[in-house]
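A short worksheet on the structure shown next.
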Amino acid sequence: DAGVTQSPTHLIKTRGQHVTLRCSPISGHKSVSWYQQVLGQGPQFIFQYYEKEERGRGNFPDRFSARQFPNYSSELNVNALLLGDSALYLCASSWSGEEQFFGPGTRLTVL
Amino acid sequence: QKEVEQNSGPLSVPEGAIASLNCTYSDRGSQSFFWYRQYSGKSPELIMFIYSNGDKEDGRFTAQLNKASQYVSLLIRDSQPSDSATYLCAVRYSSASKIIFGSGTRLSIRP
């Protein structure tokens with residue numbers, strides 16, 4: 001079975017631009033969570049979606065938004081990029097929100 | 001105050017010995033506890049989860065939970081060089097669905 005997939009793998013943007021990151025969960029999993037991980041830190045929770053509804057939101061500005069589609073895939077959008085948004089963005093899928101399995105991540109660099 | 005605390009390390013352990021990794025958390029109502037392993041440049045990989053007080057064993061790994069002391073640990077028996085990685089402790093809080101990660105402990109197994 002395929003694991004969690006994320007696209008793109010790497011991305012370079014400039015300040016002020018917008019970015020869309022994509023995630024496909026493990027087949028049968030209905031929950032997707034997004035995390036931001038900067039070097040030397042643990043993943044920081046951004047959003048969780050379950051059955052297309054937002055279940056939780058972390059302490060991130062409104063520039064960050066997400067949605068989940070009927071096939072349970074998800075998008076994370078970040079507007080007005082700042083240098084500090086440079087990080088590894090991780091998507092994790094789970095059947096109900098408990099044990100979460102991470103995708104390979106998208107490395108975002110903002111110049 | 002950080003919600004999930006881990007010693008950043010590095011923790012150096014000789015090959016074949018027991019590695020002991022510790023984590024404390026601040027919310028007494030926390031329900032679920034997870035240990036992830038993260039190799040450099042890779043995404044976190046779920047090792048174990050534990051919900052109840054006591055020990056849970058899986059192969060060379062044992063998770064220990066003490067809710068009264070708000071303490072969770074991971075023991076790795078017969079440590080191997082391939083166990084060298086950063087170990088992330090994660091806690092799911094009762095008040096929300098989000099999972100909070102610690103900053104991780106770097107473990108180095110020396111031959």
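Here the structure is a predicted model, which is why all the values come from computation and not from measurement.
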For the hydrophobic clusters of this structure (ILVMFWY residues joined by side-chain heavy atoms under 4.5 Å, transitively), does one cluster hold both [X] and [Y]?
| X | Y | result |
| --- | --- | --- |
| F102(A) | L21(A) | no |
| V32(A) | F101(B) | no |
| V4(A) | I46(A) | no |
| F64(A) | V19(A) | yes |
| F45(A) | W34(A) | no |

Those residues at least two apart in sequence (or on a different chain) that pass salt bridge (charged side-chain N to carboxylate O under 4.0 Å, His left out) with R110(B) are none
Given that the side chain runs from C-beta out, which part of Q44(A) has a heavy atom under 4.5 Å from chain B: side chain, backbone, both or neither?
neither
If one checks every heavy atom of F47(A) against chain B at 4.5 Å, the contacting part turns out to be neither
Heavy-atom nearest pair, Y35(A) first then I99(B), reads OH-CB, 3.6 Å
May I ask you to list the residues in residues 65-74 of chain A that approach chain B closer than 4.5 angstrom, counting heavy atoms only, ordered by number?
none
Pull out the residues in residues 103-111 of chain A that come under 4.5 Å of chain B, heavy atom to heavy atom, sorted by number.
G103(A), P104(A)
Residue-level interface, residues 37-69 of chain B with chain A, non-hydrogen cut-off under 4.5 Å
Q38(B), S43(B), P44(B), L46(B), F49(B), Y51(B)
To the closest 0.5 Å, what do you measure between CD (Q100(A)) and CZ (F34(B))?
7.0 Å
Can you tell me if CG on L39(A) sees more than 12 non-hydrogen neighbours from other groups inside 6.0 Å?
no
